[in-house]
Amino acid sequence: MINIAQQLKRLISTPKKIVITTHRGPDGDAMGSSLGLFHLLKQLGHTVNVITPNKYANFLHWLPGNKEVIIYEGNETASDEITAESDLIFLLDFSDLSRIAPFNNAVKKSKATKIMIDHHQDPDRDIAKLIFSDTKACSTAQLVYELIDAMRMTTYLNKSIAECLYVGIMTDTGSFKYSSTTAKTHNIIAELITAGAENDKIHDLIYDNSSANRIKLLGYCLNKKLRLYPENNAAIISLTAEELKQFKFKKGDTEGLVNYALSIEGINFATFIAEKDGMVKLSLRSKGNLKVNEIAGKYFSGGGHINASGGVSQVSVDETIKITEEIIKNLNN
Ligand code: 5GP
Ligand code: MN
């Protein structure tokens, strides 16, 4: 850690052209850690661009620096040029280049020094020169804070950095409730509040800022689309593209939905299946020792964390439900 911090401090000691990128379907931790680092590096006099593979949820658009984010899809040529000319590329909140497709080719080709900061399992150690990976860490945002601290740069913490990192930690810990939340996490949160993060405002902007359609969609899912398998302690919620259209779906509207299924008494495995952008996407969640990253990897070309993973299915929503039901049947065997 100290060694990594020293190497990183050396790398950023002179003005550089820097790209920060994060995984597809960026979530609160992806954007919070990327923009938190962005605000630090800008203060140090670097030229910094955050490039995300695709769009992200509206509830993250208030984050300081949001307007400067480049979305790769639709800005391919400019993004490729910036990436080719960069000196440093930060890879945040992912551990495998396939997670940033279709931006992965430009990153792979670039001669820039690559730095991975991440908390996912089994990092691909060939994709970056400098790797700060801690699979026990609650969030990449916490790791960004730890690096700032280890580089003795906490004097640069300002309101923008604090808000971004707070969002990353808050969203990836389910508001500080998952087992990955430690005393250290709370100490960091205290420092972020001291640096200007307004906790009540941030919770409100992220969690209490839904469109009416989003809440109606939630009601529909819980009332009509919840399948329970009590004998296997499992649940599935699914949505077709047609259903999403009915509720005027916007990116982010289904975020967290799977947790309602997991919050039911006795349920320790929950799956959310949705047909989006011509694909069938899955979110898998569990409680305890059930490793959903292994299920995601084995059946759905995906991965993630032990209790929170995702993947894709090549067949219809109905077929995907059947596959998931088979997985559920074998869970307790
Ligand atoms: P979510 O269900 O919220 O989309 O994702 C939960 C976790 O699984 C996140 O840590 C995310 O990085 C990971 N994840 C989601 N989708 C995929 C995927 O298609 N492939 C891999 N490898 N990980 C995924
Ligand atoms: Mn994360």
Side-chain angles (χ1 to χ4, degrees), residues 20-37 52-57 59-60 90-102 104 116-124 127 132-146 164-174 178 180-181 185 206 236-239 251-262 269-277 279-286 291-314 320 324:
I20 301 171
T21 189
T22 190
H23 62 79
R24 241 188 121 70
D27 56 10
D29 188 33
M31 293 317 299
S33 58
S34 296
L35 286 170
L37 181 63
T52 64
N54 63 342
K55 284 192 211 159
Y56 47 94
F59 63 75
L60 296 170
F90 283 88
L91 313 173
L92 259 55
D93 202 33
F94 67 95
S95 56
D96 165 353
L97 280 186
S98 67
R99 294 282 287 133
I100 58 167
N104 51 348
M116 182 201 290
I117 307 173
D118 182 53
H119 66 138
H120 289 87
Q121 311 290 313
D122 307 322
D124 181 349
I127 65 174
F132 182 33
S133 159
D134 181 353
T135 57
K136 287 205 175 68
C138 67
S139 59
T140 300
Q142 172 162 325
L143 297 181
V144 169
Y145 182 93
E146 286 180 15
C164 292
L165 297 184
Y166 189 103
V167 165
I169 296 172
M170 179 188 80
T171 53
D172 255 26
T173 56
Y178 300 150
S180 56
T181 312
T185 308
I206 298 284
I236 301 177
I237 297 175
S238 67
L239 285 170
K251 231 176 174 52
D253 281 356
T254 57
E255 194 124 343
L257 228 164
V258 65
N259 294 319
Y260 286 90
L262 196 66
F269 176 61
T271 305
F272 173 64
I273 303 168
E275 191 180 1
K276 289 178 189 166
D277 308 324
M279 281 190 302
V280 174
K281 276 283 305 171
L282 291 98
S283 285
L284 308 174
R285 299 289 186 274
S286 68
K291 296 184 176 68
V292 285
N293 56 332
E294 289 179 1
I295 297 175
K298 189 167 170 194
Y299 297 96
F300 303 114
S301 332
H305 309 285
I306 290 168
N307 297 123
S309 293
V312 289
S313 164
Q314 305 303 332
T320 308
T324 311

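Read the numbers this way: they start at 1 and go in the same order the structure lists the ligands and their atoms.
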Checklist entry - Roughly how far apart are Y178 OH and D172 CG, rounded to 0.5 Å? => result 8.5 Å

Item to check | Exam field: side chain D96 to backbone D124, donor-acceptor pair closer than 3.5 Å | outcome: no

Next on the checklist: With rounding to the nearest 0.5 angstrom, report the CZ to CG distance, R99 to N104.
Outcome noted: 11.5 Å

Checklist entry - Rounded to the nearest 0.5 Å, what separation is found between the CG atom of L284 and the CD1 atom of I273? => result 8.5 Å

Next on the checklist: Determine whether a donor-acceptor pair (N or O, by modelled atom type, separation under 3.5 Å) exists between the side chain of D27 and the backbone of A30.
Outcome noted: yes

Checklist entry - Rounded to the nearest 0.5 Å, how far apart are OG1 of T320 and NZ of K281? => result 12.0 Å

Checklist entry - Which residues and atoms, protein N, O or S only, are under 2.8 Å from the Mn ion (ligand 2)? => result D29 OD2, D93 OD1, H119 NE2, D172 OD2

Next on the checklist: Can you tell me how the ring of H23 sits relative to the ring of H120, calling it parallel under 30°, perpendicular over 60° and tilted otherwise?
Outcome noted: perpendicular

Checklist outcome for this item: Heavy-atom contacts under 4.0 Å to ligand 1, chain-then-number order, include exactly R99, H120, K281, S283, R285, G302, G303, G304, H305, A308, S309, G310, G311

Checklist entry - Less than 4.5 Å apart, any side-chain heavy atom of T271 and any of L282? => result yes

Item to check | S139 side-chain N/O to Q142 backbone N/O, donor-acceptor pair under 3.5 Å | outcome: yes

